[in-house]
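Order of the sequence lines sets the chain letters (A, B, ...), proteins ahead of strands, with each chain counted from 1. Reckoned from all heavy atoms, side chains included, excluding hydrogens, waters and symmetry mates.
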Number of protein chains: 2
Amino acid sequence: MIQNLTEHDREHLQEALVKSGQKVTPQREAVFTVLLAQRDHPTVDEVFNRAREVMPGLSLATVYNCLETFVGCGLVRQVNHERESTRYCPNLAPHAHFRDKATGRVHDIELPPEVLKSLRSILPPGFDSEVIEISFHGRAQSGEQTSN
Amino acid sequence: MIQNLTEHDREHLQEALVKSGQKVTPQREAVFTVLLAQRDHPTVDEVFNRAREVMPGLSLATVYNCLETFVGCGLVRQVNHERESTRYCPNLAPHAHFRDKATGRVHDIELPPEVLKSLRSILPPGFDSEVIEISFHGRAQSGEQTSN
DNA sequence: CTTGGGAGTTAGAATGATTCAAAATCTCAC
DNA sequence: GTGAGATTTTGAATCATTCTAACTCCCAAG
Ligand SMILES: [Mn+2]
Ligand SMILES: [Mn+2]
Ligand SMILES: [Zn+2]
Ligand SMILES: [Zn+2]
């Protein structure tokens with residue numbers, strides 16, 4: 001179920017790590033592979049369990065470390081909903097998140113530039129935002145899928 | 001520093017509680033008063049410390065209970081940013097939150113209906129959202145104040 | 001080759017916000 | 001005034017995350 005990284009993805013990983021002075025390690029490859037394999041916004045524990053299948057000695061602390069590293073070098077985003085466990089998302093395009101009340105699943109929602117712009121426009125002068133997080137909570141007809 | 005509730009606010013509290021089959025208690029009044037007195041999105045601990053000044057025997061668990069009750073009957077909103085402590089907001093108008101990176105303070109940002117509409121419009125068919133949360137993170141020129 | 005240092009990994013302990021459980025107190029309808 | 005149910009209180013439990021310290025890897029300098 002867990003494919004290897006494509007050449008492109010491996011380069012993406014290497015470039016981001018090296019650019020921030022860090023090394024490509026087997027653990028980081030495994031964790032990154034898990035994130036790309038199934039883009040369902042897994043929690044740390046889910047990443048841990050999936051990655052362990054392919055690298056049995058991997059530790060939970062390392063998964064935390066890898067994910068923190070990836071966030072730090074811009075390879076993935078953290079996704080939080082209320083106080084639930086943090087989830088991770090490798091989709092770097094601007095997008096919002098929809099959490100399905102029934103299943104708990106998180107879907108990516110594409111965010112068109114003009115909507116993003118209208119959002120930025122509500123900030124009064126003097127407010128300068130680097131990050132905007134948008135999250136929906138509700139019901140999705142089962143079978144609904146976004147394109148990620 | 002902690003004013004009593006206005007007649008209007010007291011009625012607002014009573015109405016919301018009674019409507020959902022719950023009672024007005026001194027603890028609930030104290031906690032609600034604290035929330036209205038200073039609309040700075042306090043954490044549970046901040047509410048606890050402020051409310052204790054006026055009701056020394058109040059317990060932390062009760063503050064958690066009161067706030068949960070208020071959220072349940074729609075008197076206040078929870079505000080979460082990443083994994084920080086939950087904050088509470090009695091502003092019931094549709095609004096977004098701006099967290100100032102420098103001070104940690106959270107500001108209300110008015111959300112015009114047309115922007116809200118454009119946001120809802122990005123949901124693909126089949127997605128039905130009950131709650132939308134929007135939060136900005138960045139810098140606010142010191143002294144900037146929103147109108148809440 | 002050795003060796004030493006830095007980065008990364010690991011197991012396990014610590015943290016801290018929140019929740020839970022059980023006993024005590026209050027309230028209100030009867 | 002009584003009793004049932006709601007609320008409050010204290011202290012313990014939970015659990016995601018962070019921290020600590022020991023261990024492993026890797027490489028570059030000697
Ligand atoms: Mn790429
Ligand atoms: Mn009102
Ligand atoms: Zn996403
Ligand atoms: Zn607010």
Would you say B:Thr25 places a side-chain N or O within less than 4.0 Å of OP1 or OP2 belonging to D:dT8? yes
Under 4.0 angstrom between B:Ser59 side-chain N/O and D:dT8 OP1 or OP2: no
Any donor and acceptor pair, going by atom type alone, linking the side chain of A:Arg83 with main-chain N or O of B:Arg83 inside 3.5 Å? yes
Donor-acceptor contact present, side-chain B:His95 to main-chain B:Ala93, <3.5 Å: yes
Holding to ring pair (Phe, Tyr, Trp, His ring centres under 6.0 Å), I want the full list of residues that pass it with [X], two or more places apart in sequence or in another chain.
X	value
B:Tyr88	none
B:His81	none
A:Phe136	none

Measure [atom1]/[X] against [atom2]/[N] and give the value in whole Å, please.
X	N	atom1	atom2	result
A:Asn65	D:dT20	CG	P	13 Å
B:Glu82	D:dA16	CD	P	19 Å
B:Glu29	D:dT7	CD	P	14 Å
A:Leu67	C:dG8	CG	C1'	15 Å
A:Phe48	D:dT18	CZ	C1'	16 Å
B:Leu17	D:dA6	CG	C1'	13 Å
A:Arg52	C:dA11	CZ	P	10 Å
A:Leu13	C:dG8	CG	P	12 Å

Mark up nucleotides 14-30 of chain C, 5' to 3', with B wherever a protein heavy atom is under 4.0 angstrom from a base atom, S wherever such an atom reaches only the sugar-phosphate, and - elsewhere. ---SBB--------S--
As a check of understanding: the bend across the helix from C:dC1-D:dG30 to C:dC30-D:dG1, end axes from five pairs, rounded to 10 degrees, works out to 10°
I'd like to check the side-chain hydrogen bond (donor to acceptor under 3.5 Å, both in side chains) partners of B:Glu130; sequence neighbours left out, ordered by chain and number. A:Lys101
Can you list, in residue-number order, the parts of residues 97-104 of chain A that come under 4.0 Å of DNA chain D, counting heavy atoms only? none
Pairs involving residues 15-38 of chain A, ordered by first then second residue, that meet salt bridge (charged side-chain N to carboxylate O under 4.0 Å, His left out) (sequence neighbours left out): A:Arg10-A:Glu29, A:Glu15-A:Lys19
Checking [X] now: which residues fulfil salt bridge (charged side-chain N to carboxylate O under 4.0 Å, His left out) with it, not counting sequence neighbours?
X	result
A:Glu133	none
B:Glu68	none
A:Arg77	none

Could you give all pairs that pass the ring-ring contact (aromatic ring centres under 6.0 Å, His included) test and reach residues 50-72 of chain B, with sequence neighbours left out? B:Phe32-B:Phe70
